Amino acid sequence: MLASCAIGCVVACAAGAPGPGIDSGRAIAHVEALTALGPHPGDSPQAQRAAGYIEAQLQAIGVQVERMAVGSVEVPAIDLLGIHRRSARVRVTTDPDLVTRFGPGGGKALLVMAHYDTVPTSPGGVDNAGAVAVVLELARVLAAAPPPTPVMLVFTANEEIGLVGAEALAGRRGAEIGFAVALDLIGGSGDLSLNGASRLIGAAALGWLARAADRAGVVVRAPLPHRVVSRAWPQVERSDHGPFTRRGIPAVHFYHRGQDGEAIDLAYHSARDTAARVERRSLDEVGRLLRALTEVPPPAHDGDGFWVPVARNVVVPRWPLVALDVVLATLALGLLTILTTLTTSRARGGLGVIVGLVCYAAAIAATAAIERLAAAGHPAPWLHAPGPSVLAELALFAGAFGLATRAARRFAPWVGDRRYLAIAIALPLSVGLGCLWLGAAELAWIWLVPAAGAAVAPRLGRLGIVAIALSVIPGVLVLAPDQLREAAWNGFWPTGIPLAAWIAGFALAPVAALAWWLRKRPAAGPLGTLVLPLGCGLTMIAGVFLLLQAHPPCSPQQFHDFQLACEASLGVR
């Protein structure tokens, strides 16, 4: 098993020609029929009609359907990092789970699920008629050509109020299931993405999924932040795979990550989630992937793996990633220790780190104050256009900080260059070590690379500027516009904190590294006395102007009511 896993996991496979799939035209017809019912929340007459439609379609192709009563289900509490997100509760439903089986009897089955309920405000095109349609057409394929391994297809009830149908299924039928796949948010125009890959999903299972994607001619993405959340806090999963993971049954979630060029779907849970938003191409690729998965049984757990995010269906063992993080952390920590030993003597007769931090805080405070002034009561106007907003606030902050440091310089020279470098190393190093401690090796390198770069910069001579430039990596990746909007959309980014505060956190290490570089090569002549202050002033004015010119498309009340979805309701996106 280990040898086969190594071969399957290490070899990089480019997605080839499309494999056999489903009748995507018929799948689109299912989507249209289900959305024509209008919103069909759980325990409504419309939900009963949706279940009846699914059952009738299955019976028409000769598939036997079991109506599994769900009844009363205890939905567990959700707590994340000490924050209480949901209380435990008991849900009762009269809607059934619709269960079908294919392939040989006996043995643990591959489970594929799609929930058939919607929220009360949406006809549920992408959420979740697209997934239901794909599973219906997969049933047609499996009925005509039974798979070599047991397969269970289930249409779950009441997912929207706490994964109720999946909770019942996992609790009562979990012993029959070897691997579970939930389909949710299927049919959008974004990348087909893998979510929910917890610690139960090791190298063998990831390799099995990647090889199936390759045979199907499908590219699957595994966003790093999602992978970390799934591994570290599987209890917060919001799709039907969650109850299986919690019970120790390997489970994942496939979805199309976003719509309209974004990583989010502004029509989510709204009346705009219609059949017209479901793309035939997207249904087809999911159908091909599922057919490939049913051809080969899921493997036993065998080691840990890492889905390379920028490659095409490439899985490698995870230990090299962890080893790289450890090497980077050791290098940065060792050189930081040497550096702090060399800076034990107190620099005298000039301005040091404390005064620099005061200037930094003053610049950030000014940036935050102007951000609030420009917001005009909106809690987070920058979320509507995060790219220009970040650039504007960076310009404002840079100008203010430059003026503050030049003003302080009139009273005394700046000294203690190594202390700035120590800050540039210690800050990202501490975050990277924290990620490693939490088991988030996938994210740790983002901070450990800059820490190691700053640590080796003094040994690179003139090329040291290249090494310290690496310190911008965390800010560039985390403050990327799509990343900001997706994090806020999913509730992982507190919008009540000013953007200036986030800029302050991510800019401190780069600013400290740059301060070390400039202290090593102090400016002289007119650059230090005239050009630099003038440039800082103009930069600050430009940042203020850009912030004041920005006009968020949604009013504060509209944003409070709909969050980013207010843009779609106004026709902005």
Side-chain angles (χ1 to χ4, degrees), residues 20-24 26-27 30-31 33-34 50-70 95-117 128-159 163 165-170 172-184 186-187 209 212 216 239-241 243-244 249-255 283-298:
I22 60 171
D23 187 333
S24 55
R26 197 187 298 270
H30 293 315
V31 171
L34 288 166
Y53 175 85
I54 294 168
E55 192 171 24
Q57 293 298 314
L58 293 170
Q59 290 172 345
I61 57 177
V63 174
Q64 191 171 25
V65 184
E66 173 192 351
R67 278 184 162 248
M68 191 192 97
V70 174
D95 292 343
D97 284 348
L98 304 175
V99 182
T100 64
R101 284 191 68 106
F102 303 87
K108 292 185 179 291
L110 167 65
L111 168 66
V112 180
M113 297 171 286
H115 72 87
Y116 63 86
D117 63 314
N128 197 38
V132 171
V134 169
V135 179
L136 277 174
E137 286 308 299
L138 179 63
R140 183 184 301 274
V141 170
L142 298 182
T149 185
V151 175
M152 181 185 293
L153 305 183
V154 179
F155 303 86
T156 56
N158 263 306
E159 185 266 359
L163 319 180
E167 287 282 356
L169 184 67
R172 301 170 198 172
R173 307 284 286 271
E176 303 175 31
I177 297 160
F179 196 99
V181 174
L183 301 180
D184 198 0
I186 292 296
L209 293 169
S239 196
D240 278 343
H241 62 292
F244 295 87
I249 301 169
V252 297
H253 166 216
F254 284 110
Y255 73 112
L283 300 188
D284 181 66
E285 69 176 358
V286 176
R288 286 186 276 127
L289 175 60
L290 293 177
R291 285 198 62 174
L293 288 174
T294 61
E295 294 172 354
V296 180

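Below, each value reflects all heavy atoms present in this structure, side chains not excepted, and no hydrogens, waters or symmetry copies. Please read these numbers as outputs of a predicted model, since none were measured by experiment.
- Residues Arg101 and Gly107 come closest through the heavy atom pair NH2-O, 4.0 Å.
- Across all their heavy atoms, Pro150 and Gly106 have their closest contact at CG-O, 3.3 Å.
- Rounding to the nearest 0.5 Å places CG of Leu169 at 8.5 Å from CG of Asp240.
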Table please: side-chain donor-acceptor pairs of residues 285-298 below 3.5 Å, with sequence neighbours left out.
from   : atom 1 : to     : atom 2 : distance (Å)
Glu285 : OE2    : His256 : NE2    : 2.8
Arg288 : NE     : Asp284 : OD2    : 2.9
Arg288 : NH1    : Ala216 : O      : 2.7
Arg288 : NH1    : Gly217 : O      : 3.4
Arg288 : NH2    : Asp284 : OD2    : 3.4
Arg291 : NH1    : Gly21  : O      : 2.9
Thr294 : OG1    : Arg291 : O      : 2.8
Glu295 : OE1    : Arg215 : NE     : 3.4

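- Atom CD1 of Ile177 is separated from atom CD1 of Ile249 by 5.5 Å, given to the nearest 0.5 angstrom.
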N/O donor-acceptor pairs under 3.5 Å from side chains in residues 139-148, not counting sequence neighbours:
from   : atom 1 : to     : atom 2 : distance (Å)
Arg140 : NE     : Glu137 : OE1    : 3.2
Arg140 : NE     : Glu137 : OE2    : 3.4

Output, in order, the C-alpha distance, side-chain angles, deciding distance and verdict of side-chain contact (heavy atoms from CB on, under 4.5 Å) for Asp117 and Asp95. CA-CA 9 Å; Asp117 63 314; Asp95 292 343; 5.7 Å; no

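- Phe155 approaches Tyr116 most closely through the heavy-atom pair O-CE2, 3.6 Å.
- In this structure, the separation between CG on Leu110 and CG on Leu153 is 8.5 Å, given to the nearest 0.5 Å.
- In this structure, Asp97 contributes its side chain and Val70 its backbone to no donor-acceptor pair below 3.5 Å.
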Show me, pair by pair, the donor-acceptor contacts under 3.5 angstrom made by side chains of residues 60-67, not counting sequence neighbours?
from  : atom 1 : to     : atom 2 : distance (Å)
Glu66 : OE1    : Arg173 : NH1    : 3.4
Glu66 : OE1    : Arg173 : NH2    : 3.3
Glu66 : OE2    : Arg173 : NH1    : 3.0
Arg67 : NE     : Glu55  : OE1    : 3.0
Arg67 : NE     : Glu55  : OE2    : 3.4
Arg67 : NH2    : Glu55  : OE1    : 3.2

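- Listed here is the closest heavy atom pair of Leu163 and Ser239: CD1-O, 3.2 Å.
- Looking at residues two or more places apart in sequence or on another chain, you find a side-chain contact (heavy atoms from CB on, under 4.5 Å) between Arg172 and Met68, Val73, Ala168.
- Closest heavy-atom contact between Gly178 and Pro250: O-CD, 3.6 Å.
- Residues satisfying the side-chain contact (heavy atoms from CB on, under 4.5 Å) criterion with Ala133, sequence neighbours excluded, are Ala27, His30, Val31.
- Taking OG1 of Thr100 as the start and CG of Leu136 as the end, the distance is 9.0 Å to the nearest 0.5 Å.
- When all heavy atoms are compared, the tightest approach of Phe254 to Ile186 is O-CD1, 3.5 Å.
- Taking Ala170 as the reference, Pro243, Phe244, Arg247 meet the side-chain contact (heavy atoms from CB on, under 4.5 Å) condition, with sequence neighbours excluded.
- Between the CG atom of Leu34 and the CD1 atom of Ile54 there is a distance of 6.0 Å, given to the nearest 0.5 Å.
- The one candidate from His253, His241, Met113 that meets the side-chain contact (heavy atoms from CB on, under 4.5 Å) condition with Asp184 is His253.
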